[in-house]
Amino acid sequence: MGLDIEANKKLVEDILEAYPDKTKKDRKKHFQINTEETKESCSCSLKSNVKSRPGVMTPRGCSYAGSKGVVWGPIKDMVHISHGPVGCGQYSWGTRRNYANGTLGIDNFTAMQITSDFQETDIVFGGDKKLEVICREIKEMFPLAKGISVQSECPIGLIGDDIEAVSKKMAKELEMPVVPVRCEGFRGVSQSLGHHIANDAIRDYVMGKAELAETGPYDVNIIGDYNIGGDAWASRILLEEMGLRVVAQWSGDGTLNELQVAHKAKLNLIHCHRSMNYMVTHMEQAYGIPYLEYNFFGPSKTYESLRAIAAKFDATIQENCEKVIAKYKPQMDAIIGKYRPRLEGKKVMLLIGGLRSRHTIGAYEDLGMEIVATGYEFAHKDDYERTFPDMQTGSIIMDDPTAYELEELAQKLNIDLMGSGVKEKYVYHKMGIPFRQMHSWDYSGPYHGFDGFKIFAKDMDMTVNNPVWNLFDKKEKVQPEGASV
Ligand code: CFN
């Protein structure tokens with residue numbers, strides 16, 4: 001199997017031809033066509049994790065998004081203050097489908113938007129006093145909240161507020177952790193630095209601060225699963241069925257206590273390497289806890305991952321693992337038998353944050369679908385090194401692509417399905433191209449584990465084979481006849 005390497009090189013060049021020379025030269029460095037050589041050597045020269053080019057539409061987010069939205073936000077029993085003007089909190093409110101058990105406003109605050117709502121006076125005279133007041137109000141209004149995190153928006157760093165001092169004072173006064181997080185949106189080139197800053201804040205203010213009443217040989221942590229649409233739940237049950245004990249879930253449906261005791265586990269299982277690799281490497285160095293990357297998208301990768309996890313334990317766990325696989329395999333085979341004939345050979349393009357553009361490849365391939373192009377918003381070199389070997393030769397791999405590049409690729413590659421986010425979705429619908437949101441799973445999920453694959457397969461089928469697409473003639477111009485452009 002493989003795609004035409006030369007044809008795809010030419011296709012990318014043709015698309016970039018529309019740019020002015022300087023932009024063309026720059027953007028060219030963010031594309032690479034997969035070859036046998038790039039697959040094996042992993043010596044990809046693809047440029048990544050650099051500033052987006054001004055003047056083009058980038059799908060990236062900011063540091064605040066990476067910290068408040070991604071890493072800290074899902075920790076359910078803490079109140080996370082969007083510290084600064086109201087917009088950042090308001091527009092990121094409820095946009096990530098990180099599910100959590102509990103009672104809203106009592107012991108679960110994930111669906112709330114709490115902001116210091118900065119006004120001009122706060123910018124001019126500073127917001128530290130206001131932050132103190134808010135912390136006290138939170139304690140009074142939500143007595144069961146276990147802690148507070150202060151998620152800095154851009155102005156905090158610009159006006160020189162000392163949130164560290166306020167947090168220290170308030171932690172003492174309120175007798176609970178108050179964590180300052182310097183995730184001002186302007187830091188770094190994308191949300192990726194926000195992940196790193198958030199990880200560092202967990203390390204510095206939370207990690208190792210509590211003890212487990214009892215520990216055992218099968219204690220593991222799930223790291224980097226945010227429970228989107230219930231993903232972490234669908235993962236956890238498989239580990240538990242295998243006989244492992246999940247001590248902490250970071251951070252989907254997670255608690256402050258889980259962050260504090262995670263250093264007591266025997267093994268860290270990391271799903272999203274991009275957003276939490278900092279934590280597992282730190283725990284390895286500081287506490288000697290080894291880690292293992294795994295992938296629970298699609299049955300092939302899930303079987304492989306379950307076996308790799310079991311191999312880290314004794315014969316009992318390994319036998320249990322085979323029993324778990326033997327139990328679910330007939331179900332998975334039935335799903336594949338049902339949907340594969342309807343999806344075989346369908347061409348897919350993906351553009352997602354920093355992990356799923358590679359992690360979901362196996363799930364599509366289990367259904368006979370073919371990934372012709374994939375890319376990330378904010379991945380680093382280590383993500384691309386993990387991506388090239390999983391992609392077929394001739395496929396296109398891209399970094400921080402612009403809206404224009406993606407739309408051209410979608411049309412020129414004649415894809416059957418686009419997987420990306422809400423900013424992209426409706427443009428593709430208008431182009432007559434089936435689309436799935438691969439951040440939020442649209443309104444669906446989970447997609448992890450065996451429970452997740454059943455839903456994934458059904459969702460892909462109902463999207464690609466929806467009769468509504470027959471009402472479009474893709475060859476028709478998107479602009480109606482006679483429209484002025
Ligand atoms: S849930 Fe994760 S899996 S955490 Fe990360 S890199 Fe985002 S929010 Mo959107 S879907 Fe996406 Fe990944 Fe890890 Fe999600 S691919 S962009 S910052 N992401």
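As the structure lists them, so they are numbered: ligands from 1, and atoms in each ligand from 1. In this text the structure is predicted, and so the values were computed from the model without any measurement.
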Colleague: I'd like to check which ligand 1 atoms, numbered from 1 as shown, lie under 4.0 Å from a non-hydrogen atom of Y226.
Modeller: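 Those qualifying, in numeric order: 4 (S).
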Colleague: If the cut-off is 4.0 Å to any non-hydrogen atom of I228, which atoms of ligand 1 fall inside it?
Modeller: 1 (S)
Colleague: Tell me if a side-chain donor or acceptor on R187 pairs with a main-chain N or O of G194 at a distance below 3.5 Å.
Modeller: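 Checking the backbone N and O of G194 against the side chain of R187, no donor-acceptor pair under 3.5 Å is found.
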Colleague: Is the closest side-chain donor-acceptor distance between R203 and Y278 under 3.5 Å?
Modeller: no
Colleague: Has H30 got a side-chain atom pairing as donor or acceptor with K47's backbone, closer than 3.5 angstrom?
Modeller: yes
Colleague: Using the rule side-chain contact (heavy atoms from CB on, under 4.5 Å), only one of K76, M176, K209, M78 pairs with L256; which is it?
Modeller: M78
Colleague: Only one of Y339, F450, F296, Y364 clears ring pair (Phe, Tyr, Trp, His ring centres under 6.0 Å) with F456; which?
Modeller: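 Looking at Y339, F450, F296, Y364, the match for F456 under the ring pair (Phe, Tyr, Trp, His ring centres under 6.0 Å) is Y364.
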Colleague: Specify the protein heavy atom at minimum distance from atom 15 (S) of ligand 1: its residue, its atom name, and the distance to 0.1 Å.
Modeller: G354 N, 3.4 Å
Colleague: Could you identify the single nearest non-hydrogen protein atom to atom 13 (Fe) of ligand 1 and state the distance to 0.1 Å?
Modeller: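 In this structure, atom 13 (Fe) of ligand 1 has C272 SG, 2.2 Å as its nearest protein heavy atom.
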Colleague: Which residue from Q437, E377, H439 reaches closest to atom 11 (Fe) of ligand 1 through any of its heavy atoms?
Modeller: H439
Colleague: Considering the options S190, S48, S275, S52, which one meets the side-chain contact (heavy atoms from CB on, under 4.5 Å) requirement together with F378?
Modeller: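 Exactly one pass, corresponding to S190.
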Colleague: With respect to atom 14 (Fe) of ligand 1, which of R96, M276, H271 exhibits the smallest heavy-atom separation?
Modeller: R96
Colleague: Among all protein heavy atoms, pick the one closest to atom 7 (Fe) of ligand 1 and tell me residue, atom and distance.
Modeller: F378 CZ, 4.2 Å
Colleague: Short question: side chain of S395, backbone of M391 - any donor-acceptor pair under 3.5 Å?
Modeller: no
Colleague: Could you tell me whether the side chain of T302 and the main chain of G449 form a donor-acceptor pair under 3.5 Å?
Modeller: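 It does not hold such a pair.
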Colleague: Does V70 approach ligand 1 within less than 4.0 angstrom via side chain, backbone, both or neither, non-hydrogen atoms only?
Modeller: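 Contact part for V70 vs ligand 1: side chain (C-beta onward).
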Colleague: Examine ligand 1 and decide if any of its atoms is less than 4.0 Å from a heavy atom belonging to Y376.
Modeller: no
Colleague: Which ligand 1 atoms are under 4.0 Å away from a heavy-atom of S275?
Modeller: 4 (S), 13 (Fe)
Colleague: Just which atoms of ligand 1 are under 4.0 Å from any heavy atom in I352?
Modeller: 15 (S)
Colleague: I'd like to know if atom 18 (N) of ligand 1 has any protein heavy atom within a distance of less than 4.0 Å.
Modeller: no
Colleague: Counting each atom of ligand 1 from 1 as listed, which ones have a heavy atom of H195 under 4.0 Å away?
Modeller: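 Those atoms are 17 (S).
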Colleague: With atoms numbered from 1 as shown, which atoms in ligand 1 lie under 4.0 angstrom from a non-hydrogen atom of R356?
Modeller: 1 (S), 3 (S), 10 (S), 15 (S)
Colleague: Is it true that R53 and D26 make a salt bridge, defined as a side-chain N closer than 4.0 Å to a carboxylate O?
Modeller: yes
